[in-house]
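Order of the sequence lines sets the chain letters (A, B, ...), proteins ahead of strands, with each chain counted from 1. Fair warning: this is a prediction, and the values are worked out from it, not measured in the lab.
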Amino acid sequence: MADRLVIADREFGSRLVIGTGGFRNLEIMGEAVRASGADLATLALRRVDPSARGSIVEVLEKAGCMLLPNTAGCYTARDAVTTAQLAREAFDTDWVKLEVIGDDRTLLPDPVELLDAAEQLVADGFTVLPYTNDDPILARRLEDAGCAAVMPLGSPIGSGMGINNTYNLRLIVEQSRVPVILDAGVGTASDAALGMEIGCDAVLLASAVSRAEDPTKMAEAMRLAVEAGWKARAAGRIPRRLYAEASTPTEGVPELT
Amino acid sequence: MRIVLNGEQRELSERASVREAVLASGATGEGRGVAVAIDGEVVPRGRWDEHELAEGARVEVVQAVQGG
C-alpha cells in the first residue's frame, strides 16, 4: 500500500478531501480547512453575486489546497460538461468533481447522464473524479471511461447516515485500479474511519464538518479518523469470531481449590 | 442592445463586448474565479474583449462559491 494518495500522477499529503459547502462564512471555512489538513478542496460556480465578500479561491490557496471545482446542481450531461468547461476557464484547472444528479430529494447521481458526461470530459482532456452511486458495475464503467478516481457515496449528500452498503463499497475497492474516494454521507469520525478500514484511498466530506457545532474541532476529528482508519487497514485487523479467544495463556493456570 | 444577463433583462451599449457584460454583472473582470457562457457556450477569457454580443444573447457570468 502506497503511503501517499496519488491521483492522476499528482501526490497528496492528506487522504482527506474537504468540501467547502455549508460553512457559515469564509473565516470559519478557512480555519476548518486548515485543521482538516486537506490539500485538495472542492468549490462550485454560481451566478455572480455582487454583494458577496471575500474570495474563496484566495482562502483555499492560502490554506495550501489544490482546487477541485464541482458540477453540483447539474441534471444533464450537457450542463455538467459546460459547467466543467466554465470551471476550467475560471480556475485554470482541468480537474473536475463530476456530479450529475437525478433527483432533488435524494441527490443521487443519474448513472446514464454521469457516464455520458464522464466520457465527454475525458475526451476533452479533463481529469475526472466522478461522484457515483455505490454500484460496482457503474464504478467499473467510469474507470474504463478513463476517470482518474471513482467516488462512491456512503449515503445521500448531507444525510449523515454514514455508509449504507459496506458490501458494495468493498466490491468497488476490490476491483478498482484507480483511487476510491468515499464521497457523501459521512456524519461523524467513525464513518470516515470505517471507509478507510474498508480500503478506500481517501474520504471526501463537507457537511459533517461545515454543519457541525464546532467545525474546526470536527475537521481535526476527521483528519485523525482518516489517519486512524488508514493505519488500521494497513496494520491488518484480526478476523471477526463468533466466540471468545483468550489472550492470556490457558496453560499454567494454578489449581487453587 | 438588450441581453439576458444572469437571468435578467439588461440594456448594454451597442456592440458591447463580453467584458462589458462581465463588468455589468458585478464581477471584477480580471478576477480569477470568473467565467462566462453565452447561449450555453463557454467564451475563453482571452476573447472577452473581441467577442461582441448579439442582440438577445443569454449571458451567464459565474464565479467561485463554496460547494461540494
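Within a 6.0 Å radius of CD in B/Glu41, no more than 12 heavy atoms belonging to other residues, nucleotides or ligands are found. Atom CD of B/Glu8 has 12 or fewer heavy atoms from other residues, nucleotides or ligands within 6.0 Å.
Residue A/Leu43 comes nearest to B/Val65 through the heavy atom pair CB-O, 3.6 Å, listed as atom of the first residue, atom of the second, then distance. The minimum heavy-atom distance linking B/Ala64 with A/Val57 is given by the pair CB-CG2, 3.9 Å.
For A/Ala206, the part lying near chain B is the side chain, with the backbone staying farther off; criterion is any non-hydrogen pair under 4.5 Å. In this structure, the portion of A/Leu67 lying under 4.5 Å from any heavy atom of chain B is its side chain and not its backbone.
Of the possible polar contacts, one joining the A/Thr42 side chain to the B/Gly67 backbone as a donor-acceptor pair under 3.5 Å is found. Judged purely by atom type and a 3.5 angstrom limit, B/Gln66 uses its side chain to pair as donor or acceptor with the backbone of A/Thr20.
Here the CD-CG distance, from B/Gln63 to A/Leu86, works out to 12.5 Å after rounding to the nearest 0.5 Å.
Between chain A and the options B/Gly26, B/Ala35, B/Ala37, the largest number of non-hydrogen pairs under 4.5 Å is found for B/Ala35. In terms of heavy-atom pairs under 4.5 angstrom with chain B, the leader among A/Glu58, A/Arg78, A/Gln85 is A/Gln85.
Listed in order of number, the residues of residues 25-35 of chain A that approach chain B to under 4.5 Å between heavy atoms are A/Asn25, A/Leu26, A/Met29. Annotation: residues 45-55 of chain A contacts chain B through A/Leu45, A/Arg46, A/Arg47, A/Val48, A/Asp49, A/Pro50, A/Ala52 [non-hydrogen atoms, separation under 4.5 Å].
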